[in-house]
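Just so it is clear: chains get the letters A, B, ... in the order the sequence lines come, proteins before strands, and each one is counted from 1.
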Amino acid sequence: MSQARIVTRFAPSPTGYLHIGGGRTALFNWLYARGRGGKFLLRIEDTDRERSTPEATAAILRGLTWLGLDWDGEVVSQFARKDRHAEVAHQMLARGTAYKCFSTKEEIGAFRAAEEAAGRYPIFLSPWRDADPATYPDRPYVIRMKAPRTGETIISDRVQGKVTFRNDQLDDMIVLRSDGVPTYMLAVVVDDHDMGVTHVIRGDDHLANAARQTMVYDAMGWPVPVWAHIPLIHGPDGKKLSKRHGALGVEEYQMMGYPAAGMRNYLTRLGWAHGDAEIFSTEEALAMFDLDGIGRAPARLDFKKLEHVCGQHIARTEDAALLHELEAYLAASGQPALTEGQHALMLKAMYCLKDRAKTFPELLEKARFALTARPVAPDAAAAALLDPVSRGILKTLTLQLQNATWEKAELEIILTAAAEQAGIGFGKLAQPLRAALAGRTATPSVYDMMLVIGRDETIARLNEAAG
RNA sequence: GGCCCGUUCGUCUAUCGGUUAGGACGUCUGGUUUUCAACCAGGUAAGAGGGGUUCGACUCCCCUACGGGCUGCCA
């Protein structure tokens with residue numbers, strides 16, 4: 001049997017931003033398809049007209065784009081396909097695998113209330129299931145799936161294994177509402193079938209749905225896709241994800257300054273493993289990712305590890321690309337863009353910055369010496385370092401730097417000698433120098449700073465501080 | 001309530017009946033050092049509980065506890 005081309009999809013409902021769990025689901029689908037030369041499709045499940053908004057759709061698309069998850073073809077609107085769904089519902093009717101049900105919401109509600117009051121599990125069994133069409137009343141009806149009443153439905157899941165559901169636990173779900181709008185349960189199946197989806201990778205909150213959906217596939221005589229129900233992500237406290245945990249929309253993470261590559265890496269490892277692989281590029285992830293590596297237990301978000309992974313990625317990213325991403329971060333978070341001069345200096349400085357930052361805000365903080373303009377405004381700690389004695393030493397140093405060739409080796413000789421002359425350790429010299437050059441007490445190496453800003457700027461800042 | 005899923009260091013996880021239960025983050029100690037980081041070395045720390053099956057269980061089965069999901073004319 002030849003392996004058909006793999007097609008996966010991400011199908012969010014546009015009722016809010018793309019949250020981190022949805023982002024990971026999309027990522028898994030993307031990795032699986034793209035890693036195997038398959039297609040990754042995007043469908044917006046907007047059949048709930050009350051709660052769906054175009055703003056949410058836009059936010060989801062932005063989130064996916066930032067994460068670098070590109071999809072094939074046009075974004076499919078589920079609502080736009082409602083006629084096709086209705087058509088299938090009627091085909092089911094014609095095939096005898098569905099029937100018209102005239103029970104009203106009130107009747108069903110009353111039934112449920114009575115069952116629950118009696119301490120029973122309310123499975124509504126429609127009296128119209130086998131009714132004679134001649135007895136049909138003249139009023140609105142829904143179309144219900146004629147689900148098997150006995151036996152069991154078995155889901156063969158790539159993550160959960162074989163999961164068995166007793167058919168008598170499942171009721172005849174509605175596939176077409178009385179207003180002619182299809183329900184999710186029908187729409188997903190029709191869409192996945194029509195779009196040629198071969199692998200359904202989604203949250204395990206859909207596991208039970210897979211059984212009902214299997215019945216629709218069977219009713220239509222369509223091949224059932226491969227299922228892979230992945231565990232949900234929990235907050236750091238192990239509870240379900242909510243805004244309280246800071247586990248917000250994917251875009252919030254972008255605002256916090258995490259690089260997309262780091263997010264992908266972290267999210268890939270959350271609930272999935274391949275031996276001891278921890279830090280890897282997207283290309284490597286694409287090559288390694290497989291459904292077999294997905295765990296069955298929900299995973300918690302760990303910001304410390306996220307930061308570590310992001311730091312590794314920042315350190316590995318090529319300078320120009322990193323600067324480009326930093327500027328995108330600036331724009332996305334509403335901060336002023338870099339001037340041409342700052343851009344050039346950042347590019348020059350990147351080598352001594354990227355090893356020490358885990359997020360873009362940290363990178364910016366380390367880059368303060370390169371981004372600031374004279375007069376350098378020292379913070380309290382830095383100002384305290386610039387006492388009269390230190391200023392005197394800096395003044396002398398300025399003279400010695402005047403004609404230095406601006407190379408690290410020579411600067412080392414000069415600074416070391418200066419410290420000796422002053423009768424202090426190198427550290428005692430480096431601190432005021434740091435304060436003068438960056439206005440801060442924590443900065444990159446003094447040599448790196450001097451090399452990056454150049455002789456003239458270095459001397460100007462020293463004079464300013466010494467004066 | 002019913003059905004379904006889950007449970008290995010604090011956290012993410014490896015292990016697919018036989019290991020001193022491995023790695024990573026965190027944390028602790030030491031090193032490097034020019035501050036903060038980064039980096040390097042080392043330490044710390046785990047099979048929810050109870051029954052089975054087996055020569056041998058983290059691994060297979062059952063029960064309990066705990067957590068989660070579903071149980072809509074929501075998706």
#### Entry: Mate of rU27(B) where both pairing distances stay under 3.5 Å, Watson-Crick or G-U
rG43(B)
### Query
Hey, mind stepping through R264(A) and T282(A) against side-chain hydrogen bond (donor to acceptor under 3.5 Å, both in side chains) and telling me if it holds?
CA-CA 7 Å; R264(A) 276 198 297 276; T282(A) 299; 2.9 Å; yes
### Task
On the 0 to 90° scale, with breaks at 30° and 60°, tag the F289(A)-Y32(A) ring pair as parallel, tilted or perpendicular.
perpendicular
Scan the side chains in residues 424-438 of chain A for donor-acceptor partners under 3.5 Å anywhere in the protein, sequence neighbours excluded, and list what turns up.
from, atom 1, to, atom 2, distance (Å)
Q431(A), OE1, R434(A), NE, 2.6
Q431(A), OE1, R434(A), NH2, 3.4
R434(A), NH1, T443(A), OG1, 3.2
R434(A), NH1, P444(A), O, 3.3

Between protein and nucleotides 44-49 of chain B, what N or O pairs are separated by less than 3.5 Å?
none

### Query
Can you list the steps and then say if R112(A) with E115(A) is a salt bridge (Lys or Arg N to Asp or Glu O under 4.0 Å)?
CA-CA 5 Å; R112(A) 287 220 175 84; E115(A) 286 294 287; over 6 Å; no
#### Entry: Listed partners of K105(A) passing side chain to side chain contact (heavy atoms under 4.5 Å, CB included), at least two apart
none
### Query
On a whole-Å scale, what distance lies between the P atoms belonging to rA21(B) and rG26(B)?
26 Å
### Task
Both distances under 3.5 Å, Watson-Crick or G-U wobble: report the partner of rA38(B), or none.
none
#### Entry: Check: Y184(A) main-chain N/O paired with T47(A) side-chain donor or acceptor under 3.5 Å
no
### Query
Among residues 433-441 of chain A, which contact RNA chain B at a heavy-atom distance under 4.0 Å?
R434(A), T441(A)
#### Entry: Counterpart residues, salt bridge (charged side-chain N to carboxylate O under 4.0 Å, His left out), relative to R166(A) (two or more places apart)
D168(A)
## Note on the structure
With sugar-phosphate taken as primed atoms, P, OP1 and OP2 and all else as base, the protein-contact string of nucleotides 10-16 of chain B at under 4.0 Å (heavy atoms; B, S, -) is -BBSS--
### Summary
rA14(B) -> Watson-Crick or G-U wobble partner, both distances under 3.5 Å, gives none
### Task
Please name all residues satisfying side chain to side chain contact (heavy atoms under 4.5 Å, CB included) with E412(A), sequence neighbours left out, ordered by chain then number.
K408(A), Y447(A)
### Task
Check side-chain hydrogen bond (donor to acceptor under 3.5 Å, both in side chains) between E407(A) and all other residues, then give those that pass, not counting sequence neighbours.
none
### Message
Does the plane of the ring in F102(A) sit parallel, tilted or perpendicular to the ring in Y136(A)? Use 30° and 60° as the thresholds.
### Response
tilted
### Nucleotide opposite rC9(B) in a Watson-Crick or G-U pair, distances under 3.5 Å
none
### Distance-only polar pair, side chains of T268(A) and N265(A), donor-acceptor under 3.5 Å
no
### Residues from residues 181-193 of chain A lying under 4.0 Å of RNA chain B - heavy atoms
T183(A), Y184(A), M185(A)
### Query
Whom does rC73(B) pair with, Watson-Crick or G-U wobble, provided both distances fall under 3.5 Å?
none
### Query
Does E365(A) have any salt bridge (charged side-chain N to carboxylate O under 4.0 Å, His left out) partners at least two apart in sequence or in another chain, and if so, which?
R368(A)
### Query
Under the 3.5 angstrom rule, does the side chain of Y266(A) hit a backbone N or O of D302(A) as a donor-acceptor pair?
yes
### Query
Salt bridge between D194(A) and R81(A), side-chain N to carboxylate O under 4.0 Å?
yes
Quick one: which protein N/O atoms are closer than 3.5 Å to N/O atoms of nucleotides 38-41 of chain B? Pair and distance per line, please.
from, atom 1, to, atom 2, distance (Å)
rA38(B), OP1, K358(A), NZ, 3.2
rA38(B), O2', D355(A), O, 3.3
rC39(B), OP1, Q312(A), NE2, 3.0

### Query
With sugar-phosphate meaning primed atoms plus P, OP1 and OP2, does K105(A) contact a base, only sugar-phosphate, or nothing at under 4.0 Å between heavy atoms?
base
### Query
Of all residues at least two apart in sequence or in a different chain, which pass the salt bridge (charged side-chain N to carboxylate O under 4.0 Å, His left out) check with K100(A)?
none
